[in-house]
Amino acid sequence: MKRAFFDTCVAAVVAVAVVGCTTAAGSEMSGADAADVDAATTERALTDAEQMLVDEARELLIEDCMAAEGFRYLPVPVASVEERQGFGYVLDDVGWAREHGYGTELQERLVAILQDDPNTAYANALPKAERLRYSKALDGDASAEMLTAELPMGGAIQTPSDSCVAHAKGELYGDFAAWFQAEKVATNLVGLYADDLVADERFETALAAWSECMRERGHDYPDPPAIREDLPRLTDGLSDEKALDVEQELAVAEAICATRETSIVSTTRDLESEYRGRLRQYRDDVITYQRLQHAAVEHAREILAAEPAPSN
Amino acid sequence: MRKTSVLLATLGLAVAGALLPITSAQASAACDTAWNAATPGRFGAFEDINCAGVLGSDADNDPNWADSVGSFQGSDNDKASSLLHKGNSGLAVRVWSDANYRGNFGCVTKGEKYVSDLHDNYLTGGTGSYRAWDSISSHEWVSEAYCYGAFLS
């Protein structure tokens, strides 16, 4: 049964096509003298713990901003370090795999927490006009000024320039518009080189060795995604505990084969650096992304240090 | 008994950034109105562009838009032409070209608010790509980390 979503019937059709074609920018990775888009920078990527600090500070800033607008906002729990792992092509941390398998329970728990966000219940309990004011204060007004960032794979993405979320990020990163542009580019480059990377002979050789390692351990899979695709079948009808056992056994084998028995992780890391290095047209955005990230960590530390300790 | 996890089917395939983009700097007034009217915490899909013709909305996942269970049913399958995200912080919606979170996917993030026209747009997550319009057959809420990143995390 479909539940009520809209307060009003929205039938108007405006003859403005906001989404257009998304022809991929294509791989522009030729040229042996291309600068390395990442290595040209002087700063490392943030650790997961540092990113957690930034996210926690962002929530406090949103809380302050919403309070200034007259609304209650409870800082949303941010993903833990453990919950920020396991997203790559192949698992590269045996200890994490031994504890969490493929991270299914971790992610389900995180999504459940976020879906139970008490701020949503608070917003839904407000009178209609206040609920709208709340939404616009928190997330901005799409009919007002929008920021636009071009995506590497084609097309663009927009977000309101003025909102409590925007203000919070602006305070953390120093310049929300610059951050929005740089982040959308730096975190969306992989589509430009993933297909080429997996077709690279060096990757294919490493993958074949990994697959052979897995086969010798009794797990006959051509590549890591094949395991993920097979997991629903393997765990169907099992208790959560048994399902985790299945995950852990496979995940540990995958990670051991990837890190100790073959070179697939190190080879892929090198190849990714090489392929990203050829994307010189995005170098400035990546440098800006990393610079603003590190600035945000420092701001986050100051914000969190100034926060009163919990009374209990 | 264990419910088959939605995440199990999709872990490891998210190796490509897959935000659903726009190409124009113009916002959609109709989608603005729809977003303003939408209930916080929910995702919505529309049969027509510019958030017209409501197919349904959901605060949960729906692994099959073609069946008779969940917020999207039967004829909703392969019909969506625009999408709207009014969900909670930290969550993105992944829409899939096939049921049970398979095929190709695209992400709609909270900051993006809506995608007002899926035509000429492609679901680039997963292997290869597939058209975004008239093709969505399942959706799931995921942490935003599923929609960004690198080949090796």
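Order of the sequence lines fixes the chain letters, A, B, ..., with proteins taken first and strands second; residue numbering starts at 1 for each chain.
With hydrogens and angles disregarded, no donor-acceptor distance shorter than 3.5 Å links the side chain of A/Gln107 to the backbone of B/Val142.
For the pair B/Leu91 and A/Val111, the minimum side-chain heavy-atom distance is below 4.5 Å. Side-chain atoms of A/Met153 and B/Leu19, non-hydrogen and from C-beta on, never get closer than 4.5 Å to each other. The side-chain heavy atoms of B/Trp35 and A/Ser135, taken from C-beta on, include a pair separated by under 4.5 Å. Contact annotation: the side chain of A/Pro232 never approaches that of B/Tyr101 to less than 4.5 Å [non-hydrogen atoms, C-beta and beyond].
Note that the CG atom of B/Leu152 and the OG atom of A/Ser273 stand 11.5 Å from one another [nearest 0.5 Å]. In this structure, CD1 on A/Ile157 lies 9.5 Å from SG on B/Cys107, to the nearest 0.5 angstrom. For the atom pair A/Asn124 CG and B/Arg42 CZ, the distance stands at 9.0 Å (nearest 0.5 Å). Atom CG in B/Asn88 sits 7.5 Å away from atom CG in A/Leu114 (nearest 0.5 Å). Separating the OG atom in B/Ser89 from the CZ atom in A/Arg58 is a distance of 7.0 Å, to the nearest 0.5 Å. Atoms NZ and CG, from A/Lys128 and B/Asn36 in turn, are 10.5 Å apart once rounded to the nearest 0.5 Å.
Proximity to chain B is absent for every atom of A/Val78, based on heavy atoms less than 4.5 angstrom apart. Of the two parts of A/Val165, neither the backbone nor the side chain holds a non-hydrogen atom closer than 4.5 Å to a non-hydrogen atom of chain B. Neither the backbone nor the side chain of A/Leu147 comes within less than 4.5 Å of any heavy atom of chain B. At a 4.5 Å heavy-atom cutoff, the contact between A/Lys184 and chain B is made by side-chain atoms alone. For A/Leu91, no part sits under 4.5 Å from any heavy atom of chain B, backbone or side chain.
Nearest heavy-atom pair across B/Lys110 and A/Leu138 is NZ-CD2, 3.8 Å. The two atoms that bring B/Arg102 and A/Glu229 nearest to each other are NH2-O, 3.3 Å, heavy atoms only.
The candidate from A/Thr159, A/Leu110, A/Val198, A/Leu271 with the greatest count of non-hydrogen atom pairs under 4.5 Å with chain B is A/Thr159. Counting heavy-atom pairs under 4.5 Å between each of B/Ser143, B/Ser82, B/Ser68, B/Gly87 and chain A puts B/Ser143 at the top.
No more than 12 heavy-atom neighbours from other residues, nucleotides or ligands sit within 6.0 angstrom of CD on A/Glu145. At most 12 non-hydrogen atoms from other residues, nucleotides or ligands lie less than 6.0 angstrom from OH of B/Tyr130.
The aromatic rings of A/Phe203 and B/Phe151 lie perpendicular to each other, with more than 60° between the two planes, well past the 30° mark.
Ion pairing between a basic and an acidic side chain is recognised when a charged N comes within 4.0 Å of a carboxylate O; B/Lys113 and A/Asp139 show no such pairing.
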